[in-house]
Asker: 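I am attaching a structure below and will ask some questions about it afterwards.
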Amino acid sequence: MRTPALQRLFGLMRKEFVQIGRDPSALAVAFVLPAVLLLIFGYGVSLDARNVPLALVVEQPDALSASFTSQFEHSPYFKIHRYLTIQAAERAMTARTVTGIVWLRNNFTRQALTGATAPIGVIVNGVDANNARIVEGYVQEVWEQWLTSELGTRPYAPTIALTPRVWFNPAVISRNYLIPGLIAMIMTLTGALLTALVIAREWERGTMEALMVTRVQMREILLAKLVPYFILGMGGMAVSVSLAVFLFGVPLHGSLLVLTATSTLFMLAALGMGLLISGVARNQFVAGQIAIITTFLPAFILSGFVFDINSMPRAVQVITHIVAARYFVAILQSIFLAGNIWSVILPNALALAVMAAIFLGLARANARKRLD
Amino acid sequence: MPDIPEPAAAVRLENVRRMFRSGKRTITALDGITAAAAHGAVTGLIGPDGAGKTTLMRLVAGLLRVDAGRIEVLGIDVGRDPLAVQAQLGYMPQHFGLYEDLTVQENLNLYADLQGVPHADRKRRYSELLHMTGLGPFTARMAGRLSGGMKQKLGLACTLVQPPQLLLLDEPTVGVDPVSRRELWEIIGHLTREAHTTVLFSTAYLDEAERCDAVLLVHEGRLLGSGPPGTFTAEMTGRSFYATSGIGRRRLQERLAAVPGVIDAVIQGSHVRVVTAQATPPEPASLLADLPDLALIPTAPRFEDSFVARLRTRPVPPQMSSATAPVASGAQTPHADLRPRSKTDAGAVITVTHLTRRFGDFVAVDDVTFAVARGEIFGLLGANGAGKSTTFRMLCGLLPPTEGELRVSGFDLRTAAAPARGRIGYMAQKFSLYADLSVQQNLRFFSSAYHLHGAQQNVRIDWAIGEFDLANLLEASARDLPLGYKQRLALACALMHEPDILFLDEPTSGVDPLARREFWQRINALAESGVTVLVTTHFMEEAEYCDRLVIMAQGRVLTEGTPEAIKASARRTDHPDPTMEDAFIGVIEAASARAAA
């Protein structure tokens with residue numbers, strides 16, 4: 001036999017599921033929004049340079065310059081356009097046909113063979129500073145490789161060679177660390193948006209007022225919102241993780257169990273934030289705006305997902321501690337790329353648990369059975 | 001549940017005060033109300049919009065707390081134990097509190113769960129409620145797809161799933177068609193008779209007072225009177241008359257309103273209904289000496305007469321209160337200067353021929369034809385969803401018709417919507433003013449929107465300030481204006497460009513009777529000067545002010561004629577003096593009988 005309180009709770013949850021089933025917008029926010037965002041960001045945002053159009057100007061072709069330029073031809077990073085004069089190459093760069101120029105002057109071979117400095121001119125389009133630096137780095141890398149192999153053919157091979165090694169992401173595919181961060185981002189948005197909108201909708205349509213005058217308690221109303229949208233949010237999380245692993249090929253080194261447990265904590269924090277917002281806003285439009293401004297934007301900028309927290313000013317670093325996504329980004333990056341690193345996961349999970357408790361507690365305290 | 005209703009009051013209000021803060025201002029919603037509602041009776045909480053009805057309902061339901069005073073519901077102090085009160089309460093808020101994306105049955109199930117109705121009792125209770133509300137055939141339909149009247153009944157059924165001791169209904173009849181309104185009152189009668197439920201019913205429709213056992217008349221947060229409706233009308237015995245004269249009803253109404261000792265003069269059908277300050281029957285000749293043909297026929301008093309009398313005798317606060325003092329004094333100059341145009345050419349100004357508008361499969365307006373002559377006040381009367389607003393939008397050139405022809409001021413709206421719009425002044429429901437702008441800024445904005453500029457613009461703004469008595473309020477923001485002044489400002493804005501045609505969308509629904517009288521006096525003066533006025537309303541009272549009207553339902557015109565003729569068509573031997581509502585119901589029933597045949 002059910003107690004009246006359980007009967008009320010089940011009644012409200014059943015209603016919530018029926019509404020979710022009939023209203024495509026909730027399902028869209030939970031499943032379609034994460035998938036679309038992940039596809040857009042996963043394919044669109046990349047900090048890698050690949051097939052960068054590069055102009056090559058060789059004023060006096062010979063064996064040495066050919067061996068140097070063939071390095072570029074075989075590099076996956078560049079797509080080579082050859083020009084006979086530097087002026088033609090500059091015109092191409094102005095027209096944005098190429099993003100950089102490598103220029104071997106006619107004295108290149110002679111200078112190199114006589115032991116003098118053989119200058120290689122590198123011009124990079126600095127309009128996109130980030131891209132420019134990446135291209136510059138790659139050109140440098142190609143040049144160093146060429147130098148090593150070229151010198152290797154000679155008897156006086158150098159004793160020291162520079163060999164960079166990258167840990168955890170050996171191929172240095174930026175997607176591998178962007179996508180776990182992206183998942184944290186997307187889950188912040190959907191988690192908060194889901195609950196913020198649905199409770200605000202009850203206020204807007206006047207149904208909250210009708211609910212309040214029944215025997216129902218506010219904690220029952222909140223719980224009946226939390227449970228269905230938690231399930232929905234975790235479904236969205238599952239979709240995102242599947243896309244990451246199977247579509248984008250991001251490695252998952254840690255255990256699924258740890259991933260699920262930490263996601264649960266994060267989802268509770270995000271949903272709690274949404275509940276708090278909708279209790280204050282009481283209007284779907286305002287609730288949506290607040291949810292985006294207070295969750296998505298800080299998560300994007302302050303979570304360390306793109307911008308390194310350690311290089312932020314001290315004051316901003318302090319602020320990042322109240323962004324739940326910060327902890328989840330750290331957890332996800334470690335679970336995906338490094339495995340169950342407890343020294344990273346435990347403190348961050350604890351922080352998430354504290355934030356979830358605070359948001360849910362505030363939402364509960366703020367939800368009184370009165371209109372004023 | 002007791003078999004005999006207890007004599008004690010079910011709801012007791014002791015000096016209840018409630019304030020709201022809006023920015024820096026404090027608004028007093030309820031200003032010391034002391035009243036009671038008896039067990040097992042229907043108590044009507046009656047007053048215009050902004051009177052404090054909803055606030056009072058929410059206080060009784062424990063959704064708000066009082067700032068001062070005390071409320072006792074069913075013997076419990078609401079402030080102390082709102083949950084105990086809510087356990088015995090049924091509350092239907094405005095807009096009924098339904099989940100529109102749930103079916104009728106799912107809504108009932110939810111409220112049964114919330115009210116703790118045992119599963120064993122549900123089947124019987126559901127069948128009782130569905131029978132009572134007539135919703136039986138629609139249990140699988142989404143609540144959002146029900147008509148206004150059906151939503152209202154479903155909302156009621158949801159609050160009654162667990163029979164409450166006290167039923168609170170907050171404006172349940174707003175925007176609902178008269179047939180549903182009548183059915184709701186039958187259900188309420190049944191509840192009080194059979195289940196001895198105590199009902200607190202709020203409404204802005206004064207004609208519903210007479211259906212209540214007792215009335216609390218509230219205005220601007222104060223109680224103007226309480227008691228059985230009969231005591232209100234008894235005060236007015238021998239003070240109401242129908243006046244007729246050869247000078248025409250509008251002129252007569254204007255003259256009579258200015259006579260000292262006459263507290264009310266309104267057009268009703270072909271007569272002018274007059275209420276006097278004293279019960280001594282006046283000599284017609286003493287009222288207007290120069291009108292020898294003036295005749296006065298005594299008539300039964302109405303609840304509204306008593307409301308008007310109370311508002312007139314009340315000391316008028318100096319500023320920003322009710323917008324009605326000028327009409328009361330009768331000092332208003334005739335509005336001949338309002339529109340200097342003369343009523344020259346006859347012929348139709350608005351013609352609507354076989355107008356149809358579809359939205360997908362749904363026919364919103366179905367083969368509607370009517371014509372409006374210059375200087376006529378023409379009404380479109382119908383419930384929400386009857387197709388009035390769609391017709392209106394097409395007349396404004398905002399929505400193209402699917403079929404049929406529309407001409408306004410000689411312009412075909414299919415080809416020349418913009419020039420036609422230039423001849424139209426439009427006053428929307430809820431006035432659509434810019435709430436954050438001051439009165440002056442609103443006037444300036446709307447006159448610019450109508451392409452007025454330079455000296456001409458200033459002339460019109462000065463005219464509006466003088467005509468509508470806005471000089472003291474120029475710097476006040478529109479948000480802070482009392483309802484009556486908002487209405488004045490909205491009308492002023494609609495008249496800035498001296499339109500030939502004025503469209504009014506439910507202009508006086510919910511405003512107090514004096515503000516409504518003042519408003520219609522202006523509209524009458526405009527019509528006299530040749531402005532054509534088109535009114536949409538679901539408010540029977542407003543229909544009486546029209547020269548001619550059509551009654552619309554489900555997109556069709558059911559009948560057309562003068563208010564008198566439409567009412568006369570509903571006259572039966574057992575019902576010699578039908579109201580507009582009786583006529584409306586008769587027309588709707590006749591139409592559905594024809595459809596069934």
Side-chain angles (χ1 to χ4, degrees), chain A residues 1-29 197-225 227-228 279 282-284 367-372, chain B residues 18-21 29 54-55 57-67 78-79 82-103 105-119 142-144 155 158-159 161-162 164 166-168 170:
Chain A
M1 195 60 212
R2 285 175 180 176
T3 65
L6 273 181
Q7 185 178 323
R8 292 195 294 264
L9 188 60
F10 284 133
L12 283 171
M13 290 206 292
R14 193 178 313 119
K15 173 216 101 182
E16 213 63 48
F17 279 117
V18 170
Q19 283 188 309
I20 290 169
R22 293 210 179 113
D23 177 13
S25 73
L27 291 174
V29 170
L197 289 185
V198 288
I199 297 197
R201 189 169 63 193
E202 299 242 8
W203 282 109
E204 238 174 52
R205 297 186 183 169
T207 48
M208 191 56 106
E209 193 177 341
L211 282 189
M212 280 189 170
V213 187
T214 65
R215 280 155 233 225
V216 78
Q217 316 250 317
M218 282 318 281
R219 59 166 181 268
E220 293 159 8
I221 294 181
L222 292 183
L223 200 56
K225 291 283 176 195
V227 172
R282 298 189 179 185
N283 165 315
Q284 287 195 79
R368 275 161 311 172
K369 225 181 153 185
R370 279 206 312 275
L371 298 172
D372 49 352
Chain B
R18 171 74 206 196
M19 262 85 81
F20 288 102
R21 192 150 298 146
T54 298
T55 305
M57 284 286 187
R58 287 173 172 172
L59 286 169
V60 171
L63 292 175
L64 293 175
R65 281 187 300 194
V66 292
D67 288 326
V78 185
L83 276 180
V85 171
Q86 286 160 3
Q88 308 185 55
L89 212 63
Y91 172 61
M92 182 161 86
Q94 280 176 40
H95 315 298
F96 320 132
L98 295 171
Y99 288 93
E100 305 226 322
D101 44 1
L102 297 187
T103 64
Q105 186 63 55
E106 285 162 348
N107 269 291
L108 283 173
N109 288 343
L110 172 65
Y111 279 96
D113 285 334
L114 295 179
Q115 306 284 11
V117 180
H119 280 273
M142 293 293 161
C158 287
T159 61
V161 167
Q162 176 79 289
L166 172 65
L167 182 61
L168 303 178
D170 193 7

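Chain letters run A, B, ... following the sequence lines, proteins first and then strands; every chain starts at 1.
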Asker: Measure across A:G206 and B:P93 and return the closest heavy-atom pair with its distance rounded to 0.1 Å.
Answerer: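 A:G206 and B:P93 have their closest heavy atoms at O-CG, 4.1 Å.
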
Asker: Of the backbone (N, CA, C, O) and the side chain (C-beta and beyond), which part of B:L168 lies under 4.5 Å from a heavy atom of chain A, both, or neither?
Answerer: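 Contact with chain A: none, neither part.
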
Asker: Please test A:T214 against B:Q162 for side chain to side chain contact (heavy atoms under 4.5 Å, CB included), starting from the C-alpha separation and ending with a verdict.
Answerer: CA-CA 10 Å; A:T214 65; B:Q162 176 79 289; over 6 Å; no

Asker: If you count heavy atoms of other groups shown closer than 6.0 angstrom to CZ of B:R65, is the number above 12?
Answerer: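 12 or below, so no.
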
Asker: Would you please name every residue forming a side-chain hydrogen bond (donor to acceptor under 3.5 Å, both in side chains) with A:Q284, sequence neighbours left out?
Answerer: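 Only A:E204 meet the side-chain hydrogen bond (donor to acceptor under 3.5 Å, both in side chains) criterion with A:Q284.
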
Asker: Where does B:Q115 contact chain A at under 4.5 Å (heavy atoms): side chain, backbone, both or neither?
Answerer: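 Looking at B:Q115, backbone and side chain both touch chain A.
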
Asker: Please round to the nearest 0.5 Å and tell me the distance separating atom CD of A:E16 and atom OH of B:Y99.
Answerer: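 Here the interatomic distance stands at 7.5 Å.
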
Asker: Checking B:Y111 against chain A: side chain, backbone, both or neither under 4.5 Å from a heavy atom?
Answerer: side chain

Asker: Let me know if B:T103 has heavy atoms under 4.5 Å from chain A in its side chain, its backbone, both or neither.
Answerer: both

Asker: Which atom names give the shortest non-hydrogen contact between A:V213 and B:L89, and what distance separates them?
Answerer: CG1-CD2, 3.6 Å

Asker: Where on B:D101 is there a heavy atom nearer than 4.5 Å to chain A: the side chain, the backbone, both, or neither?
Answerer: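 It is both, since atoms from each part get that close.
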
Asker: Name the region of B:V117, side chain, backbone, both or neither, that has any atom closer than 4.5 Å to a heavy atom of chain A.
Answerer: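 Contact with chain A is through the backbone of B:V117 alone.
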
Asker: Nearest 0.5 Å, what's the NZ-CG distance between A:K15 and B:N109?
Answerer: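 That separation rounds to 13.5 Å.
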
Asker: Check each atom of A:L12 against the heavy atoms of chain B and say whether the ones under 4.5 Å are side chain, backbone, both or neither.
Answerer: both

Asker: Tell me, please, which residues at least two apart from B:D67 pass salt bridge (Lys or Arg N to Asp or Glu O under 4.0 Å).
Answerer: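 Checked B:D67 against salt bridge (Lys or Arg N to Asp or Glu O under 4.0 Å); zero matches.
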
Asker: Roughly how far, to the nearest 0.5 Å, is the CE atom of B:M92 from the CD atom of A:E209?
Answerer: 12.0 Å

Asker: To the nearest 0.5 Å, tell me how far A:M212 CE sits from B:Y91 OH.
Answerer: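 One gets 11.0 Å once the value is rounded to the nearest 0.5 Å.
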
Asker: With B:E106 as reference, evaluate A:R14, A:Q19, A:R22 under the side chain to side chain donor-acceptor pair (under 3.5 Å) test and give the passing residue.
Answerer: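 The side chain to side chain donor-acceptor pair (under 3.5 Å) with B:E106 is passed solely by A:R22 among A:R14, A:Q19, A:R22.
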
Asker: Would you mind checking which part of B:L102 comes under 4.5 Å of any heavy atom in chain A, side chain (CB onward), backbone (N, CA, C, O), both or neither?
Answerer: both

Asker: Distance check, rounded to the nearest 0.5 Å: A:E220 atom CD versus B:L114 atom CG?
Answerer: 8.5 Å

